[in-house]
Structures are given as structure tokens and as C-alpha cells.
Amino acid sequence: MTSPRIYLDYNATSPLREESKEAVVAALELIGNASSVHGFGREARRCVEAAREAVGDLVGASPAEVVFTSGATEANNLALGAVGDRRLLTSAIEHPSVLEAADAVRLPVDADGLVDLTALEALLERCEGQAFVSVMLANNETGVIQPIAEIAALVKAAGGLLHCDAVQAVGRLPVDMAGLGVDYLSLSSHKLGGPKGAGALIARAGAPLTAQQRGGGQERRLRAGTENVAAIAGFGAACRAVGADFAESAVLQGWRDRFEERLLATAPETRIFGREASRLANTSCFAHPFLPAETQLIGLDLAGIAVSSGSACSSGKVSASHVLLAMGVEPALAGSALRVSLGWNSREADLDCFLEAWGRLYKANTEQRRAS
Ligand code: PMP
């Protein structure tokens, strides 16, 4: 079996940055429990607190607002655990860690994947100051960026609380929590080039929170359990590294745009999703009516190229993506979607290899269709 050589799946996870790897290895040498009062414990505590500062810095939050978690799934669950008696409103295109966390009224999106603000306003009015809204900053499948500051203004005016899953946006766009006006922000280390298994919920001072995991007093009693010091240290290092890295986005956008033009030149029937909206520079999500997702994924994998289907894949069965269906994409086309996503270690040559392999698949499939 050929092992993948070209990685174009950064929205699923990112390779570990060198800075993070060094921080993880150094932190693994620390013996103490960060809660212990002796010198070993204090050393581990300093490491956790330095990371807390780096995470807060990246999104303009104070370290006291950062709650470390095992990742964004847990951060999203912790945030939604604060809903209480409020009415939860989420967009229809959230990550499953929001959609599955609690019962909610779903906000529709338009054909570009943008939340319908008129529907939001009407629902906010019905909630009579008791709304808890959760809308992501950038979608993991299409890269489409929501107007969060505008959403925050509506939610605030209606006396509600706003949670934002910023997993895919942080590190790719400058994100300022106060500027956006959100009460809660979820982050994940492994999307930034940090280790897997670390994340954070940033909760504005005074925003209500209820512990979902009880036990010791860690993380201000909001997240019991001995801290994963090494993963947290790697997360902090990744935040420091991406903080200096936004120039990368303009380069990726140029590559992505050229890539999409070449894709359309090869196969003009290709549909690119969210192309008319403001999108992350690193993401391209598209489908061709004659090319099922499995055919593409398998063919590309054989060519050593790793991408994702734009669909949920469970027990080997690819089902149409809830994101694309919510955007009104026909189920058959939604089930054919592919996502190419770039990141800190990508090269434009990776996209050339993709286009070559995809072009071969396209040609073989269209010839087969003509012959049958
Ligand atoms: N939200 C979004 C938008 C994501 O893309 C992901 C990861 N796929 C998550 C939440 C969950 O993050 P984690 O893997 O850290 O649990």
C-alpha cells in the first residue's frame, strides 16, 4: 500500500510545527503535577501558565479567560453547558460537537453558506432576552467566514449570549475576541500545528460557565483533571508561531485561486462551494457531477495524495455533507464533494500533483461514461 506523500487535509488536522514539537518534548521532561506546591509542581505550573498567556494573546483575551480542555469538542460542549434556561440557536452548518451537544433551533444558511440574519433577528425577538447563540467563525468544509461581529451586535442588542467555534479561523485570520464581541470562543491546538488532544474555551470575564467534568479544582473548577502539560505547552508554542505567520494567508490565497481556475479549465462542470462568499484562503471545496467522492478519495490516495471528502464518512459509507445540504446543494452533488485544504507546510507543487492526478481520474471517468 502506498503511504500518502502529499498532505492536503489541513482542516482535518495539521502536521506538528517544529516549535510545538520542541515545546512538547521539553514539557515531557517535567516531572511535577501542575497543582503540586513543591518546586516540581511549580515548574509544570509555569509551563501551563506561559501557554495560557500565548493562547490568550493570539485572540486578544486575558490569560484568566482561558480554560484548557482536551480539544474543541470539549470546549464546545463546555460552552453549550452554560445554556441553562436560555433558548439555544445554532447555525445548521456547525460542527457535530455543537450540533450533537444540545437541542437547538437551527438557523438556516443561504446558498453561499452564510447565516440568514433576518431569521436570526426574528428568532432573537421570540427568545425575549433568553437566547444563547452558537455560530462558527469559519466552516471546516467550505471555509466560508460568517459575519460574527454583525451577529454579535444582534445578539447583544437582544440581551443574548454568543458562542463562536473559531477552530478553523484562528491562526488563519487575525481573531480578536473583544472586537468580535463574542462571549465564548473555542480553539483547537491541532488545527494550528500544535499537538492533538489540547484546546481551549475562552470565556469572557463574567460569562456564565458550568463545569461538565467534576473532580479537582483545576482550571478554576471548570475542568477537573490533571493538566496535559506537554500538549498544553505545544498548543502555546503553536499559538506563538502562528501569531507571526499571517502573511502566509495571502500566499495560500493566490495558490488556491489559481488551483480553482485550473480545476475549472480541466472540468468546467465542477461546482466550487462558497466561492462568492468571503472564505478562508486555505480551503477549496468542490464537486463534479460525474465523480463520486469515494472514486476520487481512493484514486487520489493511490496516487499518494491525502484530501477529505466534503462529507461525513462513517462505517465506510460516505453520506452527503449536512453543510452542503443546508446550502441547498442537491444531495447527489453534495455526496461527491471533495475538500482540499492547505497549511503552514504546503507547497504550490502539492496542488500541481493534485491537479495532475485528479485530471487523470476525471478523464478516465468521463471516457467510461461516454463508452457506457
Ligand atoms: N469545530 C470545528 C469547526 C472543527 O473543524 C473541529 C475538528 N474537526 C472541531 C470543532 C473539533 O475539534 P477537536 O478535534 O479539537 O475536538
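In each ligand, atom 1 is the first atom listed, and ligand 1 is the first ligand listed.
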Q | Under 3.5 Å: donor-acceptor pair, side chain of Q212, backbone of A75 | A | no

Q | Heavy-atom donor-acceptor pair, S36 side chain to H38 backbone, under 3.5 Å | A |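 Side chain of S36 to backbone of H38: no pair is present.
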
Polar contact flag for [X] and ligand 1 (N/O pairs, less than 3.5 Å):
X    : answer
T73  : yes
G71  : no
K191 : yes
S97  : no

Nearest non-hydrogen protein atom, [atom]:
atom                    : value
atom 4 (C) of ligand 1  : H95 CD2, 3.3 Å
atom 14 (O) of ligand 1 : H190 NE2, 2.8 Å
atom 12 (O) of ligand 1 : A72 CB, 3.3 Å
atom 5 (O) of ligand 1  : Q168 NE2, 2.8 Å

Q) So among N11, T283, D9, which one has a side-chain hydrogen bond (donor to acceptor under 3.5 Å, both in side chains) with R339? A)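 Only one option passes, and that is D9.
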
Would you call [X] and [Y] a salt bridge, taking side-chain N to carboxylate O under 4.0 Å as the test?
X    : Y    : value
R106 : E94  : no
R275 : E260 : yes
E261 : R258 : no

Q | Atoms in ligand 1 with a heavy atom of S188 nearer than 4.0 Å | A |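 Answer for ligand 1: 13 (P), 15 (O).
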
Q) Relative to the heavy atoms of M136, which atoms of ligand 1 are at a distance of less than 4.0 Å? A)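 Here the atoms of ligand 1 in question are 3 (C).
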
Q.
At under 4.0 Å between heavy atoms, is it the side chain or the backbone of E74 that contacts ligand 1, or both, or neither?
A. neither

Q) Counting heavy atoms only, which of N77, L137, D165, L187 is nearest atom 10 (C) of ligand 1? A) D165

Q) Hey, are the side chains of P63 and E49 touching, using non-hydrogen atoms and a 4.5 Å cut-off? A) no

Q: Answer yes or no: is there a side-chain heavy-atom contact under 4.5 Å between T270 and Y362?
A: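 In short, these two side chains do not touch, never coming nearer than 4.5 Å.
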
